[in-house]
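First comes the structure, then the notes that go with it.
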Number of protein chains: 2
Amino acid sequence: MYSDVPLYEQLAAILRERIRTGDLKHLHRVPPETTLEQEFEVSRDTVRRAIQQLREEGLVFTVRRRGTFVGPRPAAER
Amino acid sequence: MYSDVPLYEQLAAILRERIRTGDLKHLHRVPPETTLEQEFEVSRDTVRRAIQQLREEGLVFTVRRRGTFVGPRPAAER
DNA sequence: AGTAATTTGTTCGTATGTATC
DNA sequence: AGATACATACGAACAAATTAC
């Protein structure tokens, strides 16, 4: 089985679209990794890679043990 | 960068030297695969091959999900 | 107040596909 | 053909702080 586009890229594209359309709203939480895992039937590894992509694009930011949220990482946080 | 010596052998040599000099001390942890990946800009595959070499030489031992440590594998481990 | 569930982070093991030397 | 090297993908288990009840 082989696709030109890696799974994590495909998932990133889907999430990117959900953000674009407002399905995932600003500062709202992106579903937990385990939820996305089940929803898309991919490994957590793949979910994390996808989110990593979005993070690099500044579309989301992640807070350890809290979750990932839509939007750029706030300047001040602790 | 061309060399007759495989990358994993080169990396093994570097780690071997770090052990020899005490940069990596007995029973201390060797950096995680992902860290070495970034530090040396090689694939995880290459890192693992390098460590595999050291393991075969009895210079390090690896514990699943815990890490790789300097020294021969202890007789008793749980 | 206290305990269980949640959630991201970490880490090694394994397998597969592609490309190159 | 075989060894080397990289990228992708899944798995499994534990850590540790936060959140929920």
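A, B, ... follow the sequence lines: proteins, then strands. Residue 1 opens every chain. Quantities reported herein were computed from a predicted structural model and do not represent experimental measurements.
The nearest whole Å value for the distance from the CD atom in A:Gln53 to the P atom in D:dA9 is 11 Å. Between B:Asp4 atom CG and D:dA3 atom P there is a gap of 17 Å when expressed in whole angstrom units. Taking atom CD1 of A:Ile51 as the reference point, atom C1' of C:dT7 lies 11 Å away to the nearest angstrom. As rounded to whole Å, 16 Å separates atom C1' of D:dA9 from atom CD of A:Gln52. Rounded to an integer number of Å, the gap from CG of B:Leu11 to P of D:dA5 is 10 Å. Taking atom CZ of A:Arg48 as the reference point, atom P of C:dT7 lies 14 Å away to the nearest angstrom. In this structure, A:Phe69 atom CZ and C:dT8 atom P are separated by 9 Å, rounded to whole Å. Here C:dT10 presents its P atom at 14 Å from CD of B:Glu37, a figure rounded to the nearest Å.
Side chains of A:Thr68 and A:Arg29: a donor-acceptor N/O pair is absent below 3.5 angstrom, by distance only. If you check the side chains of B:Thr34 and B:Arg44, you find no donor sitting under 3.5 Å from an acceptor.
A:Leu24 is not listed as a side-chain neighbour of A:Val60, based on a closest heavy-atom distance of 4.5 Å or more.
The phosphate of D:dC10 has neither OP1 nor OP2 within less than 4.0 Å of any side-chain N or O from A:Arg44. Phosphate contact (OP1/OP2 of D:dC6, side-chain N/O of B:Thr46, threshold under 4.0 Å): present. For C:dT8, neither phosphate oxygen OP1 nor OP2 lies less than 4.0 angstrom from any side-chain nitrogen or oxygen of A:Arg66. Contact annotation: A:Tyr8 side-chain N/O to D:dA9 OP1/OP2 distance is not under 4.0 Å.
Using a 4.0 Å cut-off between charged side-chain N and carboxylate O, B:Glu9 and B:Arg49 make no salt bridge.
Shown here is A:Glu56, whose CD atom has more than 12 heavy atoms of other residues, nucleotides or ligands within 6.0 Å.
Comparing D:dC6, C:dG13, D:dA9 by their closest approach to the side chain of B:Leu7 singles out D:dC6.
Applying the side-chain contact (heavy atoms from CB on, under 4.5 Å) rule to B:Val42 yields the partners B:Leu7, B:Leu11, B:Phe40, B:Thr46, B:Val47; only residues at least two apart in sequence or on another chain are considered. Residues forming a side-chain contact (heavy atoms from CB on, under 4.5 Å) with B:Arg65 (at least two apart in sequence, or on another chain): none.
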Sugar-phosphate or base contact per nucleotide [nucleotides 1-6 of chain C; S, B, -; heavy atom under 4.0 Å]: ------

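B:Thr34 comes within contact range of no nucleotide atom at all, as no heavy-atom separation falls under 4.0 Å.
Nearest-nucleotide positions on DNA chain C for B:Arg64 and B:Asp45 put B:Arg64 closer to the 5' end.
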